[in-house]
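All ligand and atom numbering here is 1-based and tracks the order in the structure. Quick caveat: nothing in here was measured; it's all calculated off a predicted structure.
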Amino acid sequence: MRIIRAKDYKDMSRKAANIISAQIIMKPDCVLGLATGSTPIGAYEQLVEWYRKGDLDFSAVTTVNLDEYKGLPKEHEQSYYYFMRKHLFSKVNIDPARTFLPDGMEPDSEKSCNDYNRIIAETGGVDLQLLGLGHNGHIGFNEPGDAFKAETHCVDLTETTIKANQRFFASVEEVPRQAYTMGIKTIMRAKKILVVVSGEDKAEILRNAFFGAITPGVQASVLQLHNDVTIVADEAALMKCD
Ligand code: GLP
């Protein structure tokens, strides 16, 4: 586990984008595992800037996203499909046919999850998986529980996650109660993992996840067992790790 210390959010975003762009330059037809949430937005902005300068080419890149809300149509502003289009896909030369997310509008959970597992397998495997960290230690939407779920599955979101994501919706009632997410085994199969963490409010969970016990109660703690994890965190997020 490598920890890269960043000054602030901007610095964290730039350092994370550097790692992602190195991956694209080294392997132009790489498979990127992508994440949503507010934390990676700055890194996406930086990648777009470098693309505009002519330093990056996404034409052969394939992406698989971690998760999607169940029941939100693609056009919904809070769907992760919409998020990815807004922050990255519409701004770079990626082939839309090579960008994948779980199908949130498939009501049959088993079908949606099996389809997504097949899509991920067909990409040949994720080269670099980007992850944010939920306040309760979730990665993707793998919520605290008594087991690590292996493959893509449908989750009931916890109250803390619903509350944390409420800020993006008009009211708490509008926040979906379920989501489809890649499982822990899928995430752990990525060759490299890049975790971005910012802000004082993540300091405690950052310490618990990476310096505490490995437990499904803190799903991100399993990353301690992966052999190529880089955490890029700002000083505020690292303040409890000294
Ligand atoms: C969301 C997403 C996660 C994300 C996390 C943290 O619920 N499903 O993939 O990493 O919460 O979000 P943020 O970066 O906004 O703190």
Would you please indicate if the ring centroids of Phe141 and Tyr69 are separated by under 6.0 Å? yes
Look at the side chain of Asn142 and the backbone N and O of Gln219, then say whether any donor-acceptor pair between them is shorter than 3.5 Å. no
Under a 3.5 Å threshold, I'd like every N/O contact between ligand 1 and protein atoms, with atom names and distance.
from	atom 1	to	atom 2	distance (Å)
ligand 1	7 (O)	His138	NE2	3.4
ligand 1	7 (O)	Asn165	ND2	3.2
ligand 1	8 (N)	Asp67	OD2	2.9
ligand 1	8 (N)	Gly140	O	3.3
ligand 1	11 (O)	His138	NE2	3.1
ligand 1	14 (O)	Ser38	N	3.3
ligand 1	14 (O)	Thr39	N	3.0
ligand 1	14 (O)	Thr39	OG1	2.4
ligand 1	15 (O)	Ser38	N	2.7
ligand 1	15 (O)	Ser38	OG	2.6
ligand 1	15 (O)	Arg167	NH2	3.3
ligand 1	16 (O)	Lys202	NZ	2.7

Can you label the angle between the His87 ring and the Phe83 ring as parallel, tilted or perpendicular, going by 30° and 60°? tilted
Charged N to carboxylate O under 4.0 angstrom, Asp234 versus Lys7? no
Which pairs, with at least one residue in residues 203-218 and sequence neighbours excluded, count as a salt bridge (charged side-chain N to carboxylate O under 4.0 Å, His left out)? Glu204-Lys240
Is Lys70 positioned over the aromatic face of Tyr180, cation under 6.0 angstrom from the ring centre and no more than 45 degrees off axis? no
